[in-house]
Amino acid sequence: MIEFRSVRKEYADGTVAVRDLDLVVPAHRTVVLLGSSGCGKTTLLRMVNRMVDPTSGSVLVDGEDVRGRDPVELRRSIGYVLQSGGLLPHRTVVDNVATVPRLLGSSRRDAERRAAELLELVGLDPALGRRYPAQLSGGQQQRVGVARALGADPNILLMDEPFGAVDPIVRADLQVELRRLQAELGKTVLFVTHDVDEAFALGDLVVILRAGGEVAQAGTPTEILTSPADDFVADFVGLRSAKRRLQVRTEGDVRVVVDAGGRPLGVLDA
Ligand SMILES: Nc1ncnc2c1ncn2[C@@H]1O[C@H](COP(=O)(O)OP(=O)(O)OP(=O)(O)O)[C@@H](O)[C@H]1O
């Protein structure tokens, strides 16, 4: 479990990235931080592994204030996946994934065996392990990034727009894969995105932030869609635009779901 207690972050130039934020990320759940650029999502994520320290308030991991933890040891115990993949370009894929197990004291052979298992776990052929990152597609690189983050078998995975740089089809595949992995592994995942569809696809809980790192609403996707807290939330998730104002139209004996502009989106089952 991760807890943010009255957390505030003000950078040296006076920018307030997060103001007085309280949030609980329950164990084994996926919580998505959703908001537009600059609303403090990355700052919040980085406070968990002490890449950023709060100006005031505290961040607790499993009940313990992270300020009491050694930053290097803390970072090794928490998986972190970035949009860029963060892979070392001059190391093979298997070496990239084996890095953390090696740092934690595994022998080379054990670390490589573990890396091959992790590659399989994220849906990659372990034979790709001999390649260098640049010899993989963007989607494959992101899978390697996830495998690498799982290297220390962390309880917590921090994911900062991990699928932001790949095309929509690959992105949808990666989202499905993450849901499968999560069902299998049950990690505590804190996931950052500015994409509403991605947030609703992945989040058990979605936290919508507004500028200055304030929570506009925290709830399940259904709660947010059925009772948006205010106009900001309704606008942000598209409730007031054509996209989510859906209607059912009957065509013969088939019911078709259309948006407010009349464009067909799908058919209703039964
Ligand atoms: N090191 C820094 N020094 C000063 N200001 C910073 C620093 N890092 C971030 N900020 C500012 O803090 C605010 C929040 O930034 P942050 O990166 O957390 O937002 P974000 O929601 O993750 O944005 P994006 O979606 O664009 O990545 C922004 O106004 C940003 O300019």
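Just follow the structure's listing: the first ligand is 1, and inside any ligand the first atom is 1.
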Worksheet item: To the nearest 0.1 Å, how far is atom 10 (N) of ligand 1 from its closest protein heavy atom, and which atom is that?
Response: Y11 CE1, 3.3 Å
Worksheet item: Will you find, in the side chains of D160 and T42, an N or O donor that is under 3.5 Å from an N or O acceptor?
Response: yes
Discussion item. If you scan the protein for heavy atoms around atom 30 (C) of ligand 1, do you find one that is closer than 4.0 Å?
Written reply: no
Item to complete: Within a distance under 4.0 Å of any heavy atom of A17, pick out the atoms of ligand 1 and give their elements.
Response: 12 (O), 13 (C), 14 (C)
Worksheet item: Which atoms of ligand 1 have any heavy atom of D13 under 4.0 Å away?
Response: 4 (C)
Practice prompt. State if G35 counts as touching ligand 1 under the rule of any non-hydrogen atom under 4.0 Å.
Written response: no
Response to the item:
One should read off an interatomic distance between E73 CD and N49 CG, to the nearest 0.5 angstrom, of 12.0 Å
Worksheet entry | Atom indices of ligand 1 within 4.0 angstrom of T43 heavy atoms, with elements | 15 (O), 16 (P), 18 (O)
Fill in: Side-chain heavy-atom pair E3, L23 within 4.5 angstrom cut-off
no
Discussion item. When you compare the side chain of L246 with that of V258, does any pair of heavy atoms fall below 4.5 Å?
Written reply: no
Discussion item. Working note: R8 + E10, criterion salt bridge (charged side-chain N to carboxylate O under 4.0 Å, His left out); need CA distance, chi angles, decisive distance, verdict.
Written reply: CA-CA 7 Å; R8 177 182 174 87; E10 187 171 338; 3.0 Å; yes
Discussion item. Restricting to non-hydrogen atoms, name the atom on S137 and the atom on Q140 that form the minimum distance, rounded to 0.1 Å.
Written reply: N-OE1, 2.9 Å
Practice prompt. Check the side chains of T15 and D13 for a donor-acceptor pair under 3.5 angstrom, ignoring hydrogens and angles.
Written response: yes
Worksheet item: In the protein, what heavy atom is nearest to atom 17 (O) of ligand 1, and what distance, to one decimal place, separates them?
Response: T42 CB, 3.7 Å
Fill in: Closest approach of any protein heavy atom to atom 11 (C) of ligand 1, naming residue and atom
T15 CG2, 3.8 Å
Discussion item. Among all protein heavy atoms in this structure, tell me which lies nearest to atom 19 (O) of ligand 1, with the distance rounded to 0.1 Å.
Written reply: G40 N, 3.2 Å
Worksheet, complete the sentence: Ranked by distance from atom 14 (C) of ligand 1, the top protein heavy atom is G38 O, 3.4 Å
Discussion item. As a test of the contact definition, would atom 27 (O) of ligand 1 count as having a protein heavy-atom neighbour under 4.0 Å?
Written reply: yes
Worksheet item: Does K41, backbone or side chain, put an N or O under 3.5 Å from an N or O of ligand 1?
Response: yes
Worksheet entry | Cation-pi geometry met for R210 and F232 (6.0 Å, 45°) | yes
